[in-house]
Structures are given as C-alpha cells and as structure tokens.
Amino acid sequence: MTDASTLPGQPRGGVLSGPATRRAVNVLAPNPSAMTLDGTNTWILSEPDSDLAVVVDPGPLDDGHLRHVIGTAEQAGKRVALTLLTHGHPDHAEGAARFAELTGTNVRALDPALRLGGEGLAAGDVITVGGLELRVVPAPGHTADSLCFHIPADQAVLTGDTVLGRGTTVVAHPDGRLGDYLDTLRRLRSLTVDDGVHTVLPGHGPVLEDAQGAVEYYLAHRAHRLAQVETAVEDGHRTPSEVVAHVYADVDRSLWPAAELSVRAQLEYLQEHGII
C-alpha cells in the first residue's frame, strides 16, 4: 500500500465527510461515479463563533442530501445565509435552486444563468458573512465559469473541479480551454507561494495537505500529457479518438470520453501555438 504522504498533494486519509479545517465542513453527496470519485463535496463554511454559514456547491438535485446539508449546519448552531457555486456542472449545481428554496438564500455564481436573487461573482470579489472572509479566485479552464474560493484565515483554497483530491481533472472542451487552465494553475501556485495557502478543499476526493505539491503535480502532468499528444500527432494519430487510444491506453476505457475532451483542448492549444 502506498503511503498517502508520498501521493501528490498529500491527501488526507479517513472519512471524507466532516470537519476539514476550523472553518470548513464537508457533507459528501451520495453520487459516486468514475467521474465524481466518492461523490460531490458540499462545503459548509463559517467562522467558528458565528451563527451564519455559507454553502458552496449544494450538489445534485437530491432532496435528502440538501436537507442533510441544512441539518448539519443547524446541528452546529448555524443558519445557511448564502449559497455559492464553483461552476455549473450538474453534480455541483443542479440542486442549487432547490437548496435556495429550502434555505431562503441567494445563489451567487459567475454564470448569470446560475444566479438566483442576487449579484454575481467576479475575480477579486471579497465575500464576508458572519465574519468569514472568502476571496474569489478566477479559475477558467475546467469550464469557462469555474471559480475557486480562497479562505485566508484557514490558509486554504476551495477548488471545485479545478484541483481534485485524487487524480486529475478534465479540461471540458470546448467550454474549457487548456491555456486558461494552465494560467489558473499558475495563479493557484502563486497563492501557495505568496499567500501561504497549504490546504486544498476539492470538489471531489479527500482534502489535500500540500497545496503547492498538488498544483506542481498538475502542471507537470499537463506538460507531460501535452508532450504525449504532440508525439502522437507526429506519429500519425490525427483524430482525437486516435490520440486518446494511443496516449490513454493505460486508462480505464470508461473514462475515454472524458479524456477525449481534454485531448481536444490539447490539440487546440498545440494548433494555436503553431506546434502542430
């Protein structure tokens, strides 16, 4: 068995649901799959001495899960005062409208189509609820509307699908773009170097204790895959499906459709930069 401390980002072992930092509690949604790993992480964020909480990514439209999130907050003596979304994929956002109905909260997101009853979110915004401070970090790449949330007091960043607790994420072409994603990873690396961020609260998988190590791994992984795709094209594999079969031969075939999205993004990037 591999020691977790040797894995990229030093994933935390143990139960996924429950307290992760002084200000973050995870409620795992019951939607495990090859793409969602153990399920979607729904985050309850709050100052320890506050009776107000923020919920990030209510998750799928599952009434039992949504009510469990509310109940978890209430058991801690907190009322959900605001709902935020990292991006609009259904496993993160499908339950947002129902959750807003149950809690009476606004839903804030980058994509106007996902907002309910309030203003949106933009790069550089600072959100304060019950003394909790969240800083909005632009994170396009996985999707065009992806955001991360920096929690300075916990030296943590909540990453949605931009950085996962296990494995790597998909650049969901054509909405997601590789150049944007690489810029996002560099932005996150700056948070780890300049702002002392050391904990990743991902949208799926375990908490990561080594944020810088995780981001460096992601950057190296992307560079490696990009080189593999370039070589595959030079060797005559022209279509995305041909490149996937060649480059991702060691990956479960059930994940090949998702891998093809990333390959399309990689091919577009190589073409834009005149490499192929």
Side-chain angles (χ1 to χ4, degrees), residues 4-5 7-12 19-26 40-48 54-57 82 84-87 89 92 108-111 120-129 131-172 176-223:
S5 65
L7 298 175
Q10 295 183 13
R12 184 183 298 174
T21 67
R22 289 194 69 216
R23 293 165 181 80
V25 174
N26 181 30
T40 300
N41 293 335
T42 295
W43 291 101
I44 302 172
L45 308 178
S46 179
E47 280 296 311
V54 176
V55 167
V56 181
D57 290 352
L82 179 64
L84 303 176
L85 297 176
T86 60
H87 66 297
H89 279 168
H92 293 258
R108 297 183 65 182
L110 180 61
D111 185 349
L121 294 171
D125 281 353
V126 178
I127 302 163
T128 55
V129 174
L132 175 73
E133 179 183 303
L134 300 175
R135 299 177 184 174
V136 178
V137 181
H142 170 66
T143 61
D145 71 326
S146 287
L147 297 171
C148 295
F149 297 101
H150 177 201
I151 311 169
D154 277 347
Q155 295 180 296
V157 62
L158 194 156
T159 55
D161 282 355
T162 297
V163 175
L164 304 178
R166 186 169 67 249
T168 56
T169 198
V170 172
V171 179
R177 294 172 57 86
L178 181 59
D180 290 341
Y181 187 61
L182 294 175
D183 287 342
T184 289
L185 291 177
R186 296 182 188 108
R187 190 174 299 116
L188 291 177
R189 181 172 58 187
S190 292
L191 280 180
T192 71
V193 174
D194 301 330
D195 295 275
V197 167
H198 55 68
T199 302
V200 172
L201 306 176
H204 303 278
V207 171
L208 300 178
E209 306 281 11
D210 176 16
Q212 184 173 350
V215 174
E216 293 287 0
Y217 172 79
Y218 266 56
L219 283 165
H221 171 78
R222 284 296 164 194

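Being a predicted model, the structure only gives us computed values, none of them experimental.
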Closest non-hydrogen atom pair between Y181 and T169, with its separation: OH-CG2, 3.0 Å
Positive for side-chain contact (heavy atoms from CB on, under 4.5 Å) with R23, one of L45, L132, I44: L132
Sole candidate of L191, L201, I151 that passes side-chain contact (heavy atoms from CB on, under 4.5 Å) when paired with V157: L191
Point-to-point distance, once rounded to the nearest 0.5 Å, from OG1 of T162 to NE2 of H87: 7.5 Å
Nearest heavy atoms of L85 and L147, plus distance in Å: O-CD1, 4.2 Å
Considering all heavy atoms, the nearest R108-G120 contact: NH2-O, 2.8 Å
L182 CG to R177 CZ distance, which is reported to the nearest 0.5 Å: 11.5 Å
Rounded distance [0.5 Å steps], OG1 in T21 versus CG in D154: 3.5 Å
Flag side-chain contact, heavy atom, 4.5 Å: N41 against V56: no
Of V136, L188, D195, the residue whose pairing with H150 passes side-chain contact (heavy atoms from CB on, under 4.5 Å): D195
Nearest-0.5 Å distance, CD of residue E47 to OG1 of residue T128: 11.0 Å
Main-chain N/O of T42 paired with N26 side-chain donor or acceptor, under 3.5 Å: yes
Reported CZ-to-OH distance for the pair R222 and Y217, which is rounded to 0.5 angstrom: 10.0 Å
CG-OG distance between D111 and S146, expressed to the nearest 0.5 angstrom: 11.0 Å
Show me the donor-acceptor pairs, under 3.5 Å and distance only, between side chains in residues 203-216 and residues at least two apart or in other chains.
from: H204; atom 1: ND1; to: T36; atom 2: O; distance (Å): 3.0
from: H204; atom 1: ND1; to: G39; atom 2: O; distance (Å): 3.0
from: H204; atom 1: NE2; to: D91; atom 2: OD2; distance (Å): 3.0
from: H204; atom 1: NE2; to: H92; atom 2: NE2; distance (Å): 3.0
from: H204; atom 1: NE2; to: D161; atom 2: OD1; distance (Å): 3.1
from: E209; atom 1: OE1; to: R12; atom 2: NH2; distance (Å): 3.4
from: E209; atom 1: OE2; to: R12; atom 2: NE; distance (Å): 2.6
from: E209; atom 1: OE2; to: R12; atom 2: NH2; distance (Å): 3.1
from: D210; atom 1: OD1; to: G213; atom 2: N; distance (Å): 3.0

Test item: R187 and P138 side chains (from C-beta on) under 4.5 Å apart, heavy atoms: yes
Beyond-backbone contact of P202 with T159, side-chain heavy atoms, under 4.5 angstrom: yes
L185/V163 under side-chain contact (heavy atoms from CB on, under 4.5 Å): CA gap, chis, key distance, verdict: CA-CA 9 Å; L185 291 177; V163 175; 4.3 Å; yes
Side-chain donor or acceptor of Y218 paired with backbone N/O of L164 under 3.5 Å: yes
pair T86-W43: side-chain heavy atoms closer than 4.5 Å: no
